[in-house]
Novice: 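Quick one: the structure is below, and I'll ask about it shortly.
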Amino acid sequence: PDYSAWADECTARKGTLHRKTNFENMPIKPQRVYQEMNEAFGRDTTYVSTIGLSQIAGAQMLHVYGPRQWINAGQAGPLGWTGPAALGVVRGKPNSTVVALSGDYDFQFMIEELAVGAQFKLPYIHVVVNNSYLGLIRQSQRPFEMDYHVSLGFENINSPETNGYGVDHVKVAEGLGCKAVRVEDPSRLAEGFAEAGRLAAEFQVPVVVEVILERVTNIAMGAELDAVNEFEDLATAAADAPTALAPLEASHGVHVGASV
């Protein structure tokens, strides 16, 4: 059979309905984090993620180029799985670039496993997108007009630089024998990822990149592929989504609240 027409349609469709990622906001919008990860990490990267808004958004926006390069828990939802799984991936693929992606609560569930990575010299980069919130639960409460017991923020008397975001993940990671950097400015994400790669190569330990996000972001999702709820304006120009796999056709911008 001749599938060329269908292939051309698929190629054209890739140039439509892009989500905007090129935000300059501070605190950082998560979409910008995934844009910068696409720029920073190569085609051989293996990503590891588990559950939450970070996993949902990462699956939508990160580029994965080969089999067994997107490792997750099969929708089982075991908070804390990401870190130990990443250590296993490093052991199983010792010459690969391994990048884990967690929200702050997933990361905290099994944070002590960082010490295993330090003990056995298992270097990888763990991107922690920290909004100090149980973001997926908060978003799921929206239809009920609730926001109940899902904030993880508090004023940390020992780390005032966390500005009410609670746990100082940088200090905890360092206390467990690893390296860590914190990024609060979107223009410094590339620098932070590059520094993490350098530290992992030099010290052969896990390196945490904590990115301070805005507290509340709703991530696009829906019950059906043709009924996805968008909470942000979509890209209207190629510059809005610079790491898209196909350039945006400018006539296909869609406004906030649209279903696609």
Side-chain angles (χ1 to χ4, degrees), residues 21 23-37 40-41 47-62 77 79-86 99-114 117 124-140 147 149-176 178-193 195-196 199-200 206-219:
T21 59
F23 293 97
E24 301 291 342
N25 304 51
M26 290 179 60
I28 299 169
K29 292 186 76 68
Q31 295 89 340
R32 178 64 181 271
V33 181
Y34 309 122
Q35 172 184 309
E36 297 291 341
M37 290 173 70
F41 303 119
Y47 289 106
V48 184
S49 194
T50 302
I51 191 175
L53 293 184
S54 57
Q55 184 267 336
I56 294 168
Q60 293 173 7
M61 298 180 187
L62 291 175
L79 281 164
W81 183 89
T82 308
V99 178
L101 173 65
S102 290
D104 46 300
Y105 201 50
D106 172 59
F107 183 62
Q108 291 173 18
F109 247 72
M110 296 288 285
I111 195 171
E112 70 275 8
E113 295 302 304
L114 288 175
Y124 75 97
I125 296 172
H126 203 133
V127 179
V128 179
V129 283
N130 181 10
N131 62 358
S132 193
Y133 238 116
L134 302 179
L136 180 56
I137 297 174
R138 178 205 53 74
Q139 184 166 334
S140 300
D147 189 351
H149 281 197
V150 288
S151 174
L152 301 176
F154 60 91
E155 294 295 335
N156 190 325
I157 60 173
N158 297 308
S159 298
E161 67 273 17
T162 58
N163 295 315
Y165 274 60
V167 174
D168 188 334
H169 299 107
V170 170
K171 286 183 179 177
V172 176
E174 291 175 344
L176 291 167
C178 299
K179 292 290 186 178
V181 296
R182 178 179 290 124
V183 181
E184 299 176 285
D185 184 333
S187 68
R188 302 195 68 179
L189 282 165
E191 176 186 337
F193 293 141
E195 175 67 1
L199 291 170
V207 180
V208 175
V209 181
E210 181 188 40
V211 182
I212 304 301
L213 300 186
E214 61 185 6
R215 296 296 308 280
V216 173
T217 307
N218 294 311
I219 297 299

Novice: Test F107 against H169 for side-chain contact (heavy atoms from CB on, under 4.5 Å), laying out the working first.
Specialist: CA-CA 9 Å; F107 183 62; H169 299 107; 3.7 Å; yes
Novice: Quick one: sort the F41 and Y47 rings into parallel, tilted or perpendicular, breaks at 30° and 60°.
Specialist: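 F41 vs Y47 ring planes: perpendicular.
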Novice: Give me the atom names and distance for the closest heavy-atom approach of E155 to G164.
Specialist: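 Result for this residue pair: OE2-CA, 3.6 Å.
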Novice: Could you tell me whether the side chain of D106 and the main chain of G80 form a donor-acceptor pair under 3.5 Å?
Specialist: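 Here the side-chain-to-backbone pair exists.
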Novice: Please check if the side chain of T50 supplies one atom and the backbone of T82 the other of a donor-acceptor pair under 3.5 Å.
Specialist: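 Checking the backbone N and O of T82 against the side chain of T50, a donor-acceptor pair under 3.5 Å is found.
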Novice: Taking atom CZ of R182 as the centre, does the number of heavy atoms from other residues, nucleotides or ligands within less than 6.0 Å exceed 12?
Specialist: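 Counting other residues, nucleotides and ligands, CZ of R182 exceeds 12 neighbours.
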Novice: Is there side-chain contact between V167 and I111, with heavy atoms separated by less than 4.5 Å?
Specialist: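 The answer is no, as the side chains (C-beta and beyond) never meet within the 4.5 Å cut-off.
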Novice: Please report the closest heavy-atom contact between Y124 and A100, naming both atoms and the distance.
Specialist: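 Minimum heavy-atom separation between Y124 and A100: CE1-CB, 3.7 Å.
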Novice: Between OG of S102 and CZ of F109, what distance do you get to the nearest 0.5 Å?
Specialist: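 Answer rounded to 0.5 Å: 12.0 Å.
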Novice: So how far is it from Q55 CD to L62 CG, rounded to the nearest 0.5 Å?
Specialist: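 It comes to 10.5 Å.
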Novice: Hey, are the side chains of L79 and I51 touching, using non-hydrogen atoms and a 4.5 Å cut-off?
Specialist: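 In contact.
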Novice: Is the side chain of N25 donor-acceptor paired with the backbone N or O of P27 at a distance under 3.5 Å, no angle test?
Specialist: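 Judged by distance alone, no pair lies under 3.5 Å.
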Novice: With the threshold set at 4.0 Å, does a side-chain nitrogen-carboxylate oxygen contact exist between E195 and K179?
Specialist: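 Salt bridge: no.
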Novice: Output, in order, the C-alpha distance, side-chain angles, deciding distance and verdict of side-chain contact (heavy atoms from CB on, under 4.5 Å) for K29 and L213.
Specialist: CA-CA 6 Å; K29 292 186 76 68; L213 300 186; over 6 Å; no
Novice: For the pair R32 and E24, evaluate salt bridge (charged side-chain N to carboxylate O under 4.0 Å, His left out) and give the outcome as yes or no after the intermediate values.
Specialist: CA-CA 8 Å; R32 178 64 181 271; E24 301 291 342; 3.5 Å; yes
Novice: Between K171 and E174, does at least one N-O distance fall below 4.0 Å, as a salt bridge requires?
Specialist: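 Salt bridge absent between K171 and E174.
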Novice: On a heavy-atom basis, which atom in N156 and which in G166 lie closest, and how many Å separate them?
Specialist: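 So the minimum-distance heavy-atom pair works out to ND2-O, 3.0 Å.
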Novice: Working to the nearest 0.5 Å, report the span between OG of S54 and CG of D104.
Specialist: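 So the OG of S54 and the CG of D104 are separated by 9.0 Å.
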Novice: Could you check if a side-chain atom of Q31 sits within less than 4.5 angstrom of a side-chain atom of M61, using non-hydrogen atoms only?
Specialist: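 With C-beta onward as the side chain, the pair touches.
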Novice: On a heavy-atom basis, which atom in P160 and which in I157 lie closest, and how many Å separate them?
Specialist: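 Taking P160 first and I157 second, the nearest heavy atoms are CD-O, 4.2 Å.
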Novice: Minimum heavy-atom separation for A57 and Y34, please, with both atom names.
Specialist: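 The pair with the smallest heavy-atom distance is CB-CE1, 3.5 Å.
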Novice: With side-chain contact (heavy atoms from CB on, under 4.5 Å) as the test, pick out the partner of V129 among T217, V33, V209, I28.
Specialist: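 One option only clears the test, and that one is V33.
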Novice: Going through the distances and angles, do V183 and E191 end up as a side-chain contact (heavy atoms from CB on, under 4.5 Å)?
Specialist: CA-CA 9 Å; V183 181; E191 176 186 337; over 6 Å; no
Novice: Testing the basics here: between R215 and S151, what is the closest heavy-atom pair and its distance to 0.1 Å?
Specialist: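 Closest heavy-atom pair between R215 and S151: NH2-OG, 2.9 Å.
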Novice: How long is the span from the CG atom in L152 to the CG atom in N131, to the nearest 0.5 Å?
Specialist: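 So the CG of L152 and the CG of N131 are separated by 8.0 Å.
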Novice: Below 4.5 Å, heavy atoms only, C-beta onward: do L199 and V181 meet side chain to side chain?
Specialist: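 In short, these two side chains touch, coming nearer than 4.5 Å.
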Novice: Return the CD to OG1 distance between E210 and T162, rounded to the nearest 0.5 Å.
Specialist: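 E210 atom CD to T162 atom OG1 measures 8.5 Å (nearest 0.5 Å).
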Novice: State, with a plain yes or no, whether a side-chain heavy atom of E36 is found less than 4.5 Å away from one of F193.
Specialist: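 Yes, side chains in contact.
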Novice: Report, as yes or no, whether the 6.0 Å neighbourhood of atom OH on Y133 holds more than 12 heavy atoms from other residues, nucleotides or ligands.
Specialist: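 Counting neighbours around OH of Y133, more than 12 heavy atoms of other residues, nucleotides or ligands fall under 6.0 Å, so yes.
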Novice: So, S49 side chain and L101 main chain: donor-acceptor pair closer than 3.5 Å or not?
Specialist: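 Between the backbone of L101 and the side chain of S49 there is a qualifying donor-acceptor contact (under 3.5 Å).
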Novice: Is the closest side-chain heavy-atom distance between P206 and H126 below 4.5 Å?
Specialist: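 No; the side chains remain at least 4.5 Å from each other.
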Novice: Not counting sequence neighbours, which residues clear ring-ring contact (aromatic ring centres under 6.0 Å, His included) with Y165? List them please.
Specialist: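 So Y165 forms no ring-ring contact (aromatic ring centres under 6.0 Å, His included) with any residue.
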